[in-house]
Amino acid sequence: QVQLVESGGALVQAGGSLRLSCVASIGTIRNYNMAWLRQAPGNEREYVARITWSGGSTNYADSVKGRFTISRDNAKNTVYLQMNSLEPEDTAVYYCATWSAIRSTYAFWGQGTQVTVSS
């Protein structure tokens, strides 16, 4: 019942910054916990960050803690991922998804946006 669309991915130099957006083109995100995940070629899809439905609590993978910030604007039906001090290891397709803390599952996914960090 929710269709998500990510945007903002680009080619950037190491040390640069990028802001990703995830908007619900169908449905609303305001009652959902949200998450960002990423997948590099040949790797498993890994968890990046999550935020509760109200925006009152956030959580980050150790690999991005201190560099990435997840936020949301329910009035704009959008979730953001601010990425600073980017490293080549951050290169991946980034996805947003709804998530259930109770069920430990992701129900709805976006199509992904490519982030490439060059040396």
Side-chain angles (χ1 to χ4, degrees):
Q1 297 184 17
V2 180
Q3 186 170 72
L4 304 171
V5 180
E6 303 96 334
S7 63
L11 171 64
V12 298
Q13 297 260 294
S17 296
L18 208 57
R19 191 189 199 193
L20 306 183
S21 298
C22 171
V23 63
S25 59
I26 297 176
T28 178
I29 68 166
R30 69 174 184 267
N31 294 322
Y32 289 94
N33 301 321
M34 300 294 295
W36 286 96
L37 304 96
R38 66 187 183 185
Q39 186 168 21
N43 289 6
E44 312 83 22
R45 188 168 297 183
E46 67 172 333
Y47 164 79
V48 175
R50 66 175 183 257
I51 187 168
T52 54
W53 66 270
S54 66
S57 181
T58 59
N59 181 270
Y60 300 90
D62 288 342
S63 59
V64 306
K65 194 173 299 181
R67 300 188 297 120
F68 290 12
T69 302
I70 186 171
S71 62
R72 67 191 298 161
D73 187 340
N74 286 342
K76 295 181 179 180
N77 219 14
T78 302
V79 179
Y80 304 97
L81 185 67
Q82 178 67 47
M83 305 183 294
N84 299 325
S85 301
L86 284 163
E87 305 166 353
E89 292 75 20
D90 296 317
T91 295
V93 177
Y94 284 71
Y95 301 89
C96 67
T98 63
W99 70 276
S100 170
I102 296 174
R103 311 292 291 188
S104 297
T105 57
Y106 303 100
F108 302 102
W109 296 79
Q111 85 291 342
T113 186
Q114 177 71 52
V115 172
T116 303
V117 184
S118 66
S119 300

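This is a predicted model, so every value here is computed, not measured.
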So does N74 get a backbone contact from the side chain of R30, meaning a donor-acceptor N/O pair under 3.5 Å? no

About how many Å separate OG1 of T52 and CZ of R72, when rounded to the nearest 0.5 Å? 7.0 Å

Give the cluster check for L20 versus L86: same hydrophobic cluster or not, with ILVMFWY residues linked at side-chain heavy-atom distances below 4.5 Å. yes

Quick check against the 3.5 Å criterion: does R45 have a side-chain atom that pairs as donor or acceptor with the backbone of Y95? no

Taking the side chain as C-beta and beyond, is there a heavy-atom pair between C96 and V79 under 4.5 Å? no

Rounded distance (nearest 0.5 Å) linking atom CG of N84 with atom CZ of R19: 11.0 Å

S85 (side chain) donor-acceptor with R67 (main chain) under 3.5 angstrom: no

Report the C-alpha separation of V117 and Q13 in whole Å, then their side-chain angles, then the decisive distance to 0.1 Å, and conclude whether the side chain to side chain contact (heavy atoms under 4.5 Å, CB included) test is met. CA-CA 5 Å; V117 184; Q13 297 260 294; over 6 Å; no

Between A14 and P88, what is the shortest heavy-atom contact and its length? CB-CD, 4.2 Å

Report the C-alpha separation of I29 and L4 in whole Å, then their side-chain angles, then the decisive distance to 0.1 Å, and conclude whether the side chain to side chain contact (heavy atoms under 4.5 Å, CB included) test is met. CA-CA 9 Å; I29 68 166; L4 304 171; 4.0 Å; yes

Using a 3.5 Å distance criterion without hydrogens, assess whether the side chain of E6 forms a donor-acceptor pair with backbone atoms of Q111. yes

Do V5 and V2 belong together in a cluster built from hydrophobic side chains that touch within less than 4.5 Å? no

Counting heavy atoms not belonging to W109, are there more than 12 under 6.0 Å from its CH2? yes

Show, in sequence, the C-alpha distance, side-chain angles and deciding distance for V64 and R38, and conclude whether the side chain to side chain contact (heavy atoms under 4.5 Å, CB included) test is met. CA-CA 12 Å; V64 306; R38 66 187 183 185; 3.9 Å; yes

Are V48 and Y80 linked, directly or through other ILVMFWY residues, by side chains that come within less than 4.5 angstrom of each other? no

What orientation do F108 and Y32 show, parallel under 30°, tilted 30 to 60°, or perpendicular over 60°? perpendicular

Between N77 and G27 (side chain of the first, backbone of the second, donor and acceptor by atom type, cut-off under 3.5 Å), is there such a pair? yes

Interatomic distance, OH@Y94 vs OG@S7, rounded to 0.5 Å, equals 15.0 Å

Single-linkage hydrophobic cluster, 4.5 Å side-chain cutoff, V23 and I70 together: no

Rounded to the nearest 0.5 angstrom, the CH2-SG distance for W36 and C22 is 5.0 Å

Is it the case that the side chain of N33 and the backbone of W53 share a donor-acceptor pair, with hydrogens and angles ignored and the cut-off at 3.5 Å? yes

CD1 of I51 to CE of M34: how many Å apart, nearest 0.5 Å? 9.5 Å

Side chain to side chain contact (heavy atoms under 4.5 Å, CB included) assessment of Q114 paired with L11: CA-CA 8 Å; Q114 177 71 52; L11 171 64; over 6 Å; no

If Ile, Leu, Val, Met, Phe, Trp and Tyr residues are connected whenever their side-chain heavy atoms lie under 4.5 Å apart, and connections chain through other members, are M83 and Y60 in the same group? yes

dist T113:OG1 -> L18:CG (nearest 0.5 Å) comes out at 8.0 Å

